[in-house]
Amino acid sequence: MSLIETPTDVRKFQMYIGGKWVDSTSGKTFPSENPATGKIWAEISEANAADVDQAVRAARAAFESGPWSDMTGSQRRDLLLRFAQRIAEEGPELGRIEATENGKLLREMVGQYKLIPEYYRFFAGLADKIQGETIPMEKPQFFGYTIREPLGVIGLIVPWNSPLLLVSFVAAPALAAGNTLVIKPAEQTPVSALRYAELATEVGFPPGVINVVPGYGEIAGAALASHPDVNKLFFTGSTETGKLIAAAAAKNVVPLGLELGGKSPQIVFEDADLQSVTFGLLAGIFAAAGQTCIAGSRLFVHRRVRQELVERIVGRAKTIKMGDPFQEDTELGPLAFREAMEKTEYFVEKGIEEGATMVLGGRRPENKECAGGYYFLPTIFTDVRNDMTIAREEIFGPILSVLDFEEEEEVIRLANDTRYGLAAGIWTRDIMRAHRVARRLKAGTVWINEYRQLSPAMPFGGYKLSGYGRECGSQAIHEMTQLKSVWVELQGKSRDPFRLA
Ligand code: NAI
Ligand code: MG
């Protein structure tokens, strides 16, 4: 069954295993809802543990034997470059699928497809440069060297907010290094990964190199996380689920990379360019309705510029145009599903209850364009203290908490006073202060006078409860390979082991 043309209203998709479209063994399907309308637009085969096992077997077979296992780095390079090109060509369609499933702006999802092919190009350039070292040996009769080998089958569990971008963070280096993949997309956004796997086959990836098992976290996700024949797992999503996956993987001694939540601070000093700050803050918290791991959800602003900055962000946030994510001029779409909206409402209540001042939003919009969808107004709280729930928990909705400070030391302490450590923003014209503060923040990424930038060349990952391991950057190849140490005896003098030399 092709996933492109289905004559019915509700489109149907199967799983993608071993280079083929297949039904789930149970015959079950699950729905994918369009959060802008609340309507079901697709039905997808639902993978269970048996299906996941089949996918892991297909990935194992492709890894151990057949054309993929014999390919050289330069052949993988060429495949990845073709894949990048196909993904770029299909970007508008893939972006449309993703916006339909997660409710993010079509403009943003299609925009991500300008970036996604770059991940494959970047790692294509490394695929033929994966090398070990020669080791200077203590004893002259030995020659020692290392080889970097692929790990094998890599399991990938991703969330719904940026489905294929987050797949690509892991898949591009994993494929460059010669691994095979089993991808469990989020239940809200299963379809783009399916189409992606089909594109991989089209450009020449052998069957079984990329497999996709759509389904629920507790079933398909849990089966992948506890599968003994997976060599490494990568998970992006909530800290709670990350802990479950880490525990399951530990039982099989499967290593993993975890990219989890955040409660990232944006620190604005009194000398900052408030126009740039306003743009950076709005992008950091209201883009994607706050549903990004790097959301800059805690604003620390110097008391001297606090009032002016709050006026500027409230002024612009008030005029944000909400509505249909497919309209070119829409600036804010809905949340991705009902529970996300309810959770945002819960945090608004908490903010009020604990004494913060709500200066904007705090409820669902009433305009017609937003009826039926899971929309929530951009919301800003001032007078927030760092111990309030809205300053501590990852909200994943459009809520900005504003806190203030006087001294550099004080703001460093406050910014670091969080369980998370994914990202941070620093806004100042003082170059010494910028670097001084960047050094002291406990966060995997620090942006100075900018926010929400990503690049395949830049390592990405968290401190503390935001996870471990780094995706992207050239060192990602190390996360996708294991070292073999080889000893060679050069003098042909074997010794009797029971006699001292
Ligand atoms: P989640 O972390 O539960 O789901 C992410 C992925 O994990 C999905 O593919 C899901 O099917 C899978 N999963 C869920 N339970 C699993 C299990 N027991 N075993 C294996 N896989 C499992 O996140 P969810 O439920 O979509 O969102 C809940 C909250 O998590 C959000 O409101 C947000 O606060 C946070 N979140 C953070 C993300 C980030 O990038 N930091 C991304 C998505 C969610
Ligand atoms: Mg969940």
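Start at 1 and go down the list; that is how both ligands and their atoms are numbered.
- With a 4.0 Å cut-off on non-hydrogen atoms, V158 touches ligand 1 through its backbone and not its side chain.
- Separating the NZ atom in K104 from the CG atom in L332 is a distance of 12.0 Å, to the nearest 0.5 Å.
- The protein heavy-atom contact nearest to atom 20 (C) of ligand 1 is G221 C, 3.2 Å.
- Checking E46 against S24 by side-chain atom types alone, no donor-acceptor pair falls below 3.5 Å.
- Of all the heavy atoms of L260, the ones lying under 4.0 Å from any atom of ligand 1 belong exclusively to the backbone.
- Side-chain atoms of S192 and E98 include a donor-acceptor pair closer than 3.5 Å.
- W427 and E450 are not linked by any side-chain donor-acceptor pair at a separation below 3.5 angstrom, with hydrogens and angles left out of the test.
- A salt bridge does not link K263 to E393: none of the charged nitrogens lies less than 4.0 Å from a carboxylate oxygen.
- When only modelled atom types and interatomic distance are considered, E33 and Y374 share a side-chain donor-acceptor pair under 3.5 Å.
- Ranking protein heavy atoms by distance to atom 44 (C) of ligand 1, first place goes to F396 CE2, 3.9 Å.
- Checked by atom type, the side-chain pair Y120/S168 shows a donor-acceptor distance below 3.5 Å.
- Considering backbone and side-chain atoms together, K184 places an N or O closer than 3.5 Å to an N or O of ligand 1.
- Residue-environment remark: CZ (R57) stays at or below the threshold of 12 foreign heavy atoms within 6.0 Å.
- Protein non-hydrogen atoms do reach within 4.0 Å of atom 32 (O) of ligand 1.
- Using a 4.0 angstrom heavy-atom cutoff, G261 counts as in contact with ligand 1.
- Shortest contact from atom 34 (O) of ligand 1 to any protein heavy atom: K343 NZ, 2.9 Å.
- An N or O contact shorter than 3.5 Å links E187 to ligand 1 by distance.
- Protein heavy atom nearest atom 43 (C) of ligand 1, with residue, atom name and distance: P159 CB, 3.5 Å.
- Every atom of ligand 1 is numbered from 1 in the order shown, and the set under 4.0 Å from a heavy atom of C293 is 39 (C), 40 (O), 41 (N).
- Per-atom contact check: atom 28 (C) of ligand 1 does not touch the protein, criterion being a heavy-atom distance below 4.0 Å.
- Closest protein heavy atom to atom 30 (O) of ligand 1: S238 CB, 3.0 Å.
- Scanning the protein for heavy atoms near atom 7 (O) of ligand 1, the closest one is F235 CE1, 3.2 Å.
- Of the polar atoms of G217, at least one N or O is found under 3.5 Å from an N or O of ligand 1, judged by distance alone.
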